[in-house]
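Note that ligands are numbered from 1 as they come in the structure, with each ligand's atoms numbered from 1 the same way.
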Amino acid sequence: NRRYSYSKYNKWEKIVAWTANIAAKYPKLVSRIQIGTTTEERPMYLLKVGKQRSAKNAIFIDCGIHAREWISPAFCQWFVKEATKTYGKDKLMTKLLNSLTFYILPVLNIDGYVWTWTADRMWRKNRSNSSNTNCIGTDLNRNFDVQWCSIGSSNKACSEVYCGPAAESEKETKAVANFIRNNIQSIKAYLSFHSYSQMLLYPYSYTYELAPTHEELNDVAKAAVGALSSLYRTNYTYGPAASTIYPTSGSSADWAYDKGIKYSFTFELRDRGKYGFLLPEYLIKSTCKETMLAVKNISSYILRYV
Ligand SMILES: NCCCCC[C@@H](C[SeH])C(=O)O
Ligand SMILES: [Zn+2]
Ligand SMILES: [Zn+2]
């Protein structure tokens with residue numbers, strides 16, 4: 001079989017086949033769990049990565065919540081490739097995988113992702129039809145049950161930041177929220193990957209109030225950005241989401257934080273607007289390599305202090 005390309009954007013059919021193949025190829029490191037189905041009945045597969053059978057301490061990573069942000073699913077695939085390829089070779093990765101479980105959701109918004117391949121490259125939301133207007137889609141990063149639809153989101157179905165008819169109204173949101181609730185004891189960190197802006201954000205997004213653990217979150221973000229920038233000098237800003245990018249309610253990362261998952265971060269990956277969501281494939285490798293340094297930095301902090 002032709003080698004899978006991690007330096008290209010892959011369409012959903014290839015990614016879903018990859019989830020089966022990578023789990024079959026590394027049975028001691030990777031297992032595949034279905035956590036639900038999407039609005040259009042596509043299976044939502046989560047990859048459980050790590051040596052631990054019983055996940056004592058776990059890190060949940062969501063990619064592809066916004067359909068057009070193709071570099072995000074590309075990073076989730078890259079992470080799993082690096083984990084399986086360097087386990088037993090890279091000291092830090094081996095240590096992380098021996099002690100932590102990584103739950104990787106390569107594409108949260110599958111229906112939207114497929115739509116960007118078949119119809120509209122700039123689509124953001126999911127593809128559910130919940131209103132009597134002819135507009136489709138809920139912004140899944142406004143649909144979580146945290147200050148739902150209060151700020152930085154809209155109750156108009158045609159808005160790009162439509163919060164949905166209710167909190168957790170979407171099957172995709174419900175699948176993720178249920179999995180987190182069912183594994184809340186072990187999940188110590190939540191990382192949500194988006195593009196673009198080159199930012200590392202932490203709670204809160206739904207208010208300008210500082211989070212109870214603001215100091216620690218800022219320290220962790222500062223160290224992670226330092227690690228990321230050490231590779232190619234890529235400039236990142238970091239800080240509380242509301243003041244660093246813009247306020248939003250109903251985001252996955254804020255919801256996780258208020259559920260008690262204290263290490264909750266949102267990455268806005270490359271670039272700063274030159275290509276935007278249309279980041280060229282030749283930049284996937286360098287973007288993913290530098291982001292790996294940030295994720296390994298945060299993960300080793302979790303290993304040490306949780
Ligand atoms: N919880 C942090 C959410 C901050 C905004 C993130 C961006 C990514 Se496109 C958004 O959902 O609009
Ligand atoms: Zn996004
Ligand atoms: Zn974004």
Would you check if there is a donor-acceptor pair between the side chains of Glu82 and Tyr6 at a distance under 3.5 Å?
no

Specify the protein heavy atom at minimum distance from atom 2 (C) of ligand 1: its residue, its atom name, and the distance to 0.1 Å.
Thr266 OG1, 3.4 Å

Say whether Tyr246 and ligand 1 are in contact under the criterion: heavy-atom distance to a ligand atom below 4.0 Å.
yes

Output the atom name for the N/O/S atom of His194 with the smallest distance to the Zn ion (ligand 2).
ND1

Which protein heavy atom lies closest to atom 6 (C) of ligand 1, and at what distance to 0.1 Å?
Asn141 ND2, 4.1 Å

Can you figure out which of Arg142, His194, Glu268, Met199 has its heavy atom closest to atom 10 (C) of ligand 1?
Arg142

Give the residue, atom name and distance (to 0.1 Å) of the protein heavy atom nearest atom 9 (Se) of ligand 1.
Glu69 OE2, 3.2 Å

If the cut-off is 2.8 Å, does any N/O/S atom of Glu69 fall short of it from the Zn ion (ligand 3)?
no

Closer than 2.8 Å to the Zn ion (ligand 3): does that hold for any N, O or S atom in Ser197?
no

Note: Glu170-Arg142 ion pair, threshold 4.0 Å (strictly below)
no

Cut-off 3.5 Å, side chains only: do Ser186 and Asn57 have a donor facing an acceptor?
no

Could you tell me the residue and atom name of the protein heavy atom closest to atom 4 (C) of ligand 1, and the distance to it rounded to 0.1 Å?
Ser205 OG, 3.8 Å

Between the CG atom in Leu46 and the CZ atom in Phe102, the distance rounded to the nearest 0.5 Å is 13.0 Å

For ligand 1, indicate whether the residue Glu160 contacts it via side chain, backbone, both or neither (heavy-atom separation under 4.0 Å).
neither

State plainly whether the residues Asp90 and Lys296 are in salt-bridge range, i.e. N to O under 4.0 Å.
yes

Report the name of the N/O/S atom of His66 located nearest to the Zn ion (ligand 2).
ND1

With the Zn ion (ligand 3) at the apex, how many degrees lie between OE1 of Glu268 and O of Ser195, rounded to 10 degrees?
80°

What I'd like to find out is whether the side chain of Thr39 reaches to under 4.5 Å of the side chain of Asn126, using heavy atoms alone.
yes

Locate the shortest heavy-atom distance separating Lys56 from Ser99; write the atom from each residue and the value.
NZ-O, 3.9 Å

Can you pull out the closest protein heavy atom to atom 1 (N) of ligand 1? Residue, atom name and distance to 0.1 Å, please.
Ser251 OG, 2.9 Å

Is there a salt bridge (charged side-chain N to carboxylate O under 4.0 Å, His left out) between Glu168 and Lys174? Walk through the geometry before answering.
CA-CA 5 Å; Glu168 292 190 23; Lys174 191 61 93 178; 3.0 Å; yes

For Leu47, which of Leu29, Val30, Thr84, Leu105 qualifies under side chain to side chain contact (heavy atoms under 4.5 Å, CB included)?
Val30

I'd like to check which ligand 1 atoms, numbered from 1 as shown, lie under 4.0 Å from a non-hydrogen atom of His66.
9 (Se), 10 (C), 11 (O)

Check Lys262 against Thr213 and note the closest heavy-atom contact, atom names and distance.
CD-CG2, 4.1 Å

Number the atoms of ligand 1 from 1 as they appear, then name those within less than 4.0 Å of a heavy atom of Ala253, with their elements.
1 (N)

